[in-house]
Every structure is written in C-alpha cells, then in structure tokens.
Q: 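I'd like to ask some things about the structure below.
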Amino acid sequence: MTSVPLVSVFSADDSSKVTAKHIPLPAVFQTPIRPDIVSFVHTNIAKNRRQAHAVNPQAGMQHSAESWGTGRAVARIPRVSGSGTHRSGQAAFGNQCRKGRMSLPIKVWRRWHRRVNIKQKRHAAATAVAATGIVPLVLARGHRISQVPQIPLVVEDKIESYEKTTDALNFLKRFGAFEDVQKVVSTKVVRAGISKQRGKKYRVRKGPLVVYFNENAKLLKAFRNVPGVEVVNVTRLNLLQLAPGGQLGRFVIWTQSAFAHLDKLFGTYRYTSIIKDGYQLLRPLITNPDLARIINSNQVQEKVQPAKTTKVLHEVQKKNPLKNTKAMDRLNPYAKKQRAAAVAAIKANTKGTKKIKKNKALKKASRAAYNKVAASLNDATKAAVQEEQDIKVKYFSVQKGAAQTE
Amino acid sequence: MSQKKPQMQVEQKVPENIVKKTARDTKLREAVAKRRTERLAANKTRRAQWDKNAQAYENEYKAADKSLIDNIRKAKSEGGFYVPAESKLILVVRIRGINTLNPQVRQTLRLLKLRQLHNAAFVRVNKATIEMIRKVEPYVTYGYPSRAVIKNLIYKRGYAKINGQRIPITNNNVIEQQLGKVGIHSIEDLIHEIVTVGPNFKEANRFLWAFKLRGPRGGFIAKRKSFINQGDWGNREDLINDLVKRMI
C-alpha cells in the first residue's frame with residue numbers, strides 16, 4: 001500500500017460540511033484483523049468484572065448424620081440421627097441425597113479473574129480499533145450505519161462541549177447515527193431468567209461509542225441518557241466496549257483530537273508507541289493479499305506444473321458385453337457385422353420356408369414327402385414292437401390266466 | 001452536414017492478471033482440442049485394425065474347425081483314426097475352500113492364481129505345470145476349454161491386473177496400455193493369444209486376473225471324490241466346458 005488512506009473530519013453542526021479535508025488514517029487502522037486474538041483476550045478479560053459468589057459452606061451439612069453401617073438392609077449413606085420426625089433416618093450429606101450438600105461446593109476462593117499478557121491485550125485493542133473502520137464488519141455486528149457519511153466517523157471537537165442531551169440527540173440525528181439508537185430502543189426486552197430479579201431487568205443492545213480526548217469534556221453527561229450510547233476517553237479504550245461480546249466492529253464516533261491521539265497511543269509502523277511503552281503494532285503475515293494476482297503472475301506460472309488430467313482408464317461400471325451390444329461394440333467392432341450376418345442367415349432360411357407356405361403345390365409336395373417318411377418310420381417301429389412282444393411271449397409266457405408251466 | 005461530437009474516450013482497462021489468465025486458458029483449451037482431434041483420428045484407425053484382426057481370427061478359427069473335420073473324415077475313409085494334438089491349454093477351477101490346507105498345496109494354488117473358491121485360471125501345459133496341477137489335484141478340477149468358453153470367460157468375467165489392481169476390461173485401452181508392446185491391442189487379440197497359446201501367452205495370462213466364477217448351477221456331483229470315481233476333482237478333459245458354462 002503506497003497510498004495512505006485519508007479521512008475527513010466533519011463539522012459538528014452540519015454533516016455536509018467538512019472542516020478538515022484529508023487527514024491520514026492513524027496506523028492502528030492498518031493493523032491486521034485478528035479475531036482469534038480478540039476472542040481470546042475478550043473471554044479472559046470479561047471474567048475480570050465478576051464478583052465472588054459461593055454456596056453457604058454449611059449448606060446441607062447441618063446435621064449430625066451418621067451412616068448406619070452394614071447389616072441393616074439399607075444403603076450405607078449417612079442418615080439423620082434422632083427420631084420423632086420424618087427427617088430422622090433419611091439420607092443426608094451426599095450430593096445425591098435430597099437436602100444434601102452439592103458436590104464440590106463453590107468456594108469464594110475460586111479463581112474468578114484472568115490475567116492476559118499485556119502485548120496480547122494491546123494487540124486485541126488495536127485490532128478492535130482497526131475493525132471499527134471497516135464498514136462490512138460494523139454492519140455485520142448489527143449497527144445501522146447506512147446513513148452515516150463516513151466510517152470511521154471523525155467529528156470536530158465541538159461535541160466535547162455539549163451539555164444538553166438534546167444537543168447530543170440532534171448531533172446523532174444529523175450524522176445518521178440515530179438509526180442505531182432507535183434500534184437500541186426498539187429492541188429493549190425484558191431479560192429471560194432470574195437475573196431480572198437481581199437488578200438486570202432489561203437486555204439492551206449496544207449503540208454508538210463516542211470517543212473523546214479532553215479530560216474536562218462535558219459530553220459524558222450529554223450522551224449518558226441516550227439509550228445504547230457509550231462514552232469513553234481515548235486513553236482508556238476498552239476492548240469490552242470496542243468489541244462487545246468478542247465481536248469486532250463497534251460503531252465508533254471519534255472526536256478530532258481523539259482521532260489524532262491514536263497515533264501516539266498505539267504508535268505507527270515506523271515508530272513504536274510512546275504511551276504504550278515500546279509497543280509495536282502487529283505486522284500482517286502476508287503483505288500482498290491479492291492472491292489472484294500472485295497466482296497469475298509470471299514468476300509463479302513459470303514454475304507451475306501443468307494441471308493433472310484425471311485420466312480414467314475404464315468405464316465406471318462393467319457391462320456384460322455378451323448381453324450389452326454397446327459394450328460389445330466398444331470392445332469388438334467386428335461383432336456388429338457378425339450379428340448382422342447372423343440375422344441375415346436366419347432371414348435367408350426363413351425366406352425358403354415362407355416361399356413354401358405361399359406356394360400350395362410346394363406345400364402339398366412337402367406334406368406328401370413327410371407322410372411317406374412317417375409311414376416308413378411307422379412300419380419300422382411296428383415291426384420292432386412286434387418283435388419285442390414275440391420275445392416276451394417266447395421266454396416268459398406271461399398270459400392272462402395262464403398258469404406257469406414248467 | 002452533421003459534425004461529429006467529440007466523444008469521451010472511455011479506456012477499457014482490463015486487469016493484467018485477467019489478460020494473462022485468458023491468454024493461458026485459450027492456449028490450454030486449444031491444446032486440449034488438438035489432442036482430442038488427434039485422439040479421435042487415432043481411434044478410428046485403431047478400430048479399423050481391431051475389426052480387421054477379429055475378422056482374420058474368425059477365418060482362422062473356421063479354418064481350424066474345418067481342417068479338424070477334414071482330417072477326421074480323411075482318416076475314417078482310410079480306415080484309420082485321427083488323433084488331434086493334445087490341448088496346450090488347461091482351464092483350472094478351484095473347488096475347495098481355504099480351510100485346513102496343506103501348506104504346499106496352498107502355495108501351489110496361489111502360484112496358479114487360485115486364491116479363492118471357484119476361481120478359474122488358464123494354465124499352459126508343460127512338464128512344470130502338469131506337476132503343479134498334480135500336486136493340487138484333489139482341490140481343483142481342470143480340463144481343456146473350448147473357444148466359446150474362453151471367449152465368454154474373457155468377455156463376461158475378464159478383469160485385468162494393472163498396478164496390482166483388478167480393473168474391468170471395459171474397453172481396449174485397458175488392454176492396449178499393458179499388452180500393446182507385445183502386439184495385443186484388442187480383446188479379440190487377447191482371446192486369440194489365449195486360444196492358440198501364442199508366443200506372448202505368458203504376458204497375456206499374467207495380464208488376466210483369476211476369473212471369479214459363481215458356484216455351478218445344478219451343483220457339483222461330489223467334491224470329495226475324483227471325477228473318475230463319479231466325483232468332481234481332477235481332470236475332466238472336455239467336460240470342463242459344461243461345468244464352466246454353469247459357473248460363468
């Protein structure tokens with residue numbers, strides 16, 4: 001990237017007027033977007049606001065219960081001592097028991113907070129700031145920014161002196177940020193669950209984040225009562241606000257001095273940060289992200305081997321050539337001729353018989369010939385049968401009613 | 001006379017990588033098309049050759065049949081006998097399963113490519129192979145296959161051994177790739193080589209995977225007995241064809 005991206009600073013009173021035309025984007029906005037770092041840091045930092053809680057250490061244990069031991073046809077769990085009430089003899093103490101203590105009761109000395117390496121926290125913050133300057137990310141997070149003139153939205157320092165909420169509201173309306181506030185208002189719902197009885201009645205979305213610089217700015221009070229809007233000093237940028245829920249792309253409204261301070265805060269790619277002592281912004285892993293250009297470049301294409309063709313040697317399914325004519329012809333082109341020859345041969349034969357059928361004289365002659373043969377056969381078989389019978393009579397003398405004579 | 005209004009020149013700048021890619025793609029496409037036309041032309045000549053070869057073989061077979069019949073008739077007319085040459089080719093079919101086999105028998109069956117029940121394989125007849133078959137006789141049945149049976153086996157159950165894989169012979173490229181260098185280019189060439197046990201029978205037979213047949217429709221008689229003793233194992237000469245026709 002040889003050209004430096006530029007940003008305009010808008011006038012607080014008129015969104016069409018630009019007070020400073022082309023200000024270079026601070027180097028933070030060029031940081032590679034690392035959602036993995038952000039989500040890791042966020043999950044750990046989000047635990048740091050937790051307050052210790054615990055279960056009453058005596059809960060479920062305020063009995064003098066003792067096991068009855070074996071031999072009494074009951075389970076060996078400790079049982080409540082005494083008599084005169086249903087409770088006596090009932091199981092106690094175990095986590096499985098009714099009215100027993102829970103397993104592994106929560107202690108206050110549970111490790112509630114997590115420490116994260118400073119460098120990781122700084123990288124996460126830098127990435128989160130960079131993401132606020134990327135329109136698709138801000139849109140994806142769910143902010144209504146279609147009417148906002150520029151992302152990142154930088155406004156002159158005049159808004160830092162707003163004292164009235166009406167001024168704040170009008171300012172937001174002028175810059176198309178009111179749609180985001182309206183979203184917050186319309187999607188405020190009563191929270192599901194017990195928390196509503198513990199002071200968290202409503203679930204409210206996040207709206208714009210206003211970032212200022214001068215410490216004696218009064219805009220906090222002006223913007224405080226606008227639903228969804230948060231106000232924060234640029235020296236105290238919070239990942240939990242820049243990437244709520246670990247999700248990159250908060251809609252941020254910067255004041256001019258806050259925007260200018262970012263270079264000092266995070267440093268640039270030429271100089272490490274002064275305020276974050278020695279911190280160097282994350283460098284991208286790949287400097288030229290135009291992969292299509294790299295792949296199609298001469299240097300790569302010269303070395304590249306030709307694409308492998310999937311050469312299929314045989315058909316996927318074997319068909320039986322003895323039954324499938326296409327498969328047969330594929331293997332043996334002569335088979336077609338053989339089949340044709342066979343069909344022709346049959347036809348030639350039937351031609352002869354058809355001829356006979358049509359010609360009655362021929363028919364008669366052929367029938368006569370057949371009868372002659374049949375008759376001669378008949379004579380032959382008659383003679384054979386007679387001969388057999390003679391033999392039977394001669395040697396076995398089997399006749400009806402005749403006694404066997406010897 | 002109308003004056004031509006000066007039009008705004010809109011430069012159509014195409015990104016460099018797209019220009020390069022289209023040039024490369026057209027070149028590749030042309031190469032593929034050229035290869036295709038060449039291949040189709042080559043295929044045409046190849047198919048004509050297969051046709052010619054198949055026809056020549058058919059004439060050869062007819063001539064062989066005719067000469068056999070003529071010899072028999074001639075011998076009969078002279079009052080003698082015509083004894084045709086002993087078959088040079090044997091078809092061996094394994095009848096026994098894999099359990100409780102003598103290790104030497106097991107090894108010999110493997111050498112004959114008969115690793116599985118109802119596997120069939122062609123074997124050339126010579127002293128060495130006769131001895132091998134004798135060793136495994138009670139576990140196989142064998143005989144002299146007819147041309148029709150050989151043809152049906154190769155067409156219906158013909159698989160090739162290519163790179164140790166069992167590849168179906170669905171087209172002649174399968175055969176050409178492996179056996180082209182010994183002059184067998186089509187399936188009819190292969191069948192002819194097997195039938196006549198030609199000079200490249202070794203390559204042709206090695207090319208073929210063992211035929212995996214089904215059990216015979218109608219069953220065996222008695223696998224425990226030799227064929228001579230009204231059983232199944234051993235040499236059954238020409239009657240192997242009836243059995244294999246039921247197994248194919």
Q: Output the distance between atom CG (A:Leu322) and atom CG (B:Leu153), rounded to the nearest 0.5 Å.
A: 10.0 Å
Q: Take atom CD1 of B:Ile98 as the centre, draw a 6.0 Å sphere, and report whether it contains more than 12 heavy atoms from other residues, nucleotides or ligands.
A: no
Q: Using a cut-off of 6.0 Å, state whether more than 12 heavy atoms not belonging to B:Gln49 lie near its atom CD.
A: yes
Q: Given the options B:Ile162, B:Asn173, B:Ile175, B:Ile167, which has more heavy-atom pairs under 4.5 Å with chain A than any of the others?
A: B:Ile167
Q: Can you tell me which portion of A:Asn298 sits under 4.5 Å from chain B's heavy atoms? Options are side chain, backbone, both or neither.
A: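 For A:Asn298, heavy atoms of backbone and side chain both lie under 4.5 Å from chain B.
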Q: Does atom CZ of B:Arg246 have more than 12 heavy-atom neighbours, drawn from other residues, nucleotides or ligands, at distances under 6.0 Å?
A: yes
Q: Is B:Gln55 in contact with chain A via its backbone, its side chain, both, or neither, using a 4.5 Å heavy-atom distance?
A: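 Interface part for B:Gln55: both.
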Q: Just checking heavy atoms, which of residues 196-219 of chain B are less than 4.5 Å from chain A?
A: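 Hits under 4.5 Å: none found.
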Q: Measuring heavy-atom distances to chain A, does B:Ile169 have an atom under 4.5 Å in its side chain, in its backbone, in both, or in neither?
A: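 Interface part for B:Ile169: both.
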Q: Can you tell which of B:Arg157, B:Arg47, B:Lys21, B:Lys151 has the highest number of heavy-atom pairs within less than 4.5 Å of chain A?
A: B:Arg47
Q: Just do the side chain to side chain contact (heavy atoms under 4.5 Å, CB included) check on B:Asp51 and A:Lys337 with the steps written out, would you?
A: CA-CA 9 Å; B:Asp51 196 343; A:Lys337 294 184 188 164; 2.9 Å; yes
Q: Do other residues, nucleotides or ligands put more than 12 heavy atoms under 6.0 Å from the NZ atom of B:Lys223?
A: yes
Q: Can you see which heavy atom on A:Arg330 is nearest to which on B:Asn172, and at what distance?
A: O-ND2, 3.9 Å
Q: Could you grab the distance from atom CG of A:Leu331 to atom CG of B:Leu190, nearest 0.5 Å is fine?
A: 10.5 Å
Q: Heavy atoms only: give me the nearest B:Gly158-A:Lys318 pair and the separation to one decimal.
A: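 Shortest heavy-atom separation between B:Gly158 and A:Lys318 comes out as O-NZ, 3.3 Å.
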Q: Where the side chain of B:Asn171 meets the backbone of A:Leu313, is there a donor-acceptor pair that is under 3.5 Å apart?
A: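 Checked: pair present.
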Q: Determine whether A:Asn296 and B:Arg24 make a side-chain contact, defined as any pair of heavy atoms from C-beta on separated by less than 4.5 Å.
A: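 Yes, at least one pair of side-chain atoms sits under 4.5 Å.
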Q: Are side-chain heavy atoms of A:Gln301 and B:Lys20 found at a separation under 4.5 Å?
A: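 The answer is no, as the side chains (C-beta and beyond) never meet within the 4.5 Å cut-off.
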Q: Do A:Tyr334 and B:Glu58 pass the side chain to side chain contact (heavy atoms under 4.5 Å, CB included) test, and can you show the C-alpha distance, the side-chain angles, and the key distance before you say yes or no?
A: CA-CA 10 Å; A:Tyr334 185 56; B:Glu58 193 185 19; 2.4 Å; yes
Q: Identify which part of A:Gln317 has an atom lying under 4.5 Å from any heavy atom of chain B, answering side chain, backbone, both or neither.
A: backbone
Q: Heavy-atom distances under 4.5 Å only: say whether B:Asn53 touches chain A with side chain, backbone, both or neither.
A: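 Neither the backbone nor the side chain of B:Asn53 comes within 4.5 Å of chain A.
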Q: More than 12 heavy atoms of other residues, nucleotides or ligands under 6.0 Å from NZ of B:Lys113: yes or no?
A: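 Count over threshold, so yes.
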Q: Within a reach of under 6.0 Å around CD of A:Glu388, are more than 12 heavy atoms found that belong to other residues, nucleotides or ligands?
A: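 Counting other residues, nucleotides and ligands, CD of A:Glu388 stays at 12 neighbours or fewer.
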Q: Quick one: CG on A:Asn332 to CH2 on B:Trp50, what's the gap to the nearest 0.5 Å?
A: 9.5 Å
Q: Does CG belonging to A:Leu6 count more than 12 external heavy atoms closer than 6.0 Å?
A: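 Atom CG in A:Leu6 is packed in, count exceeds 12.
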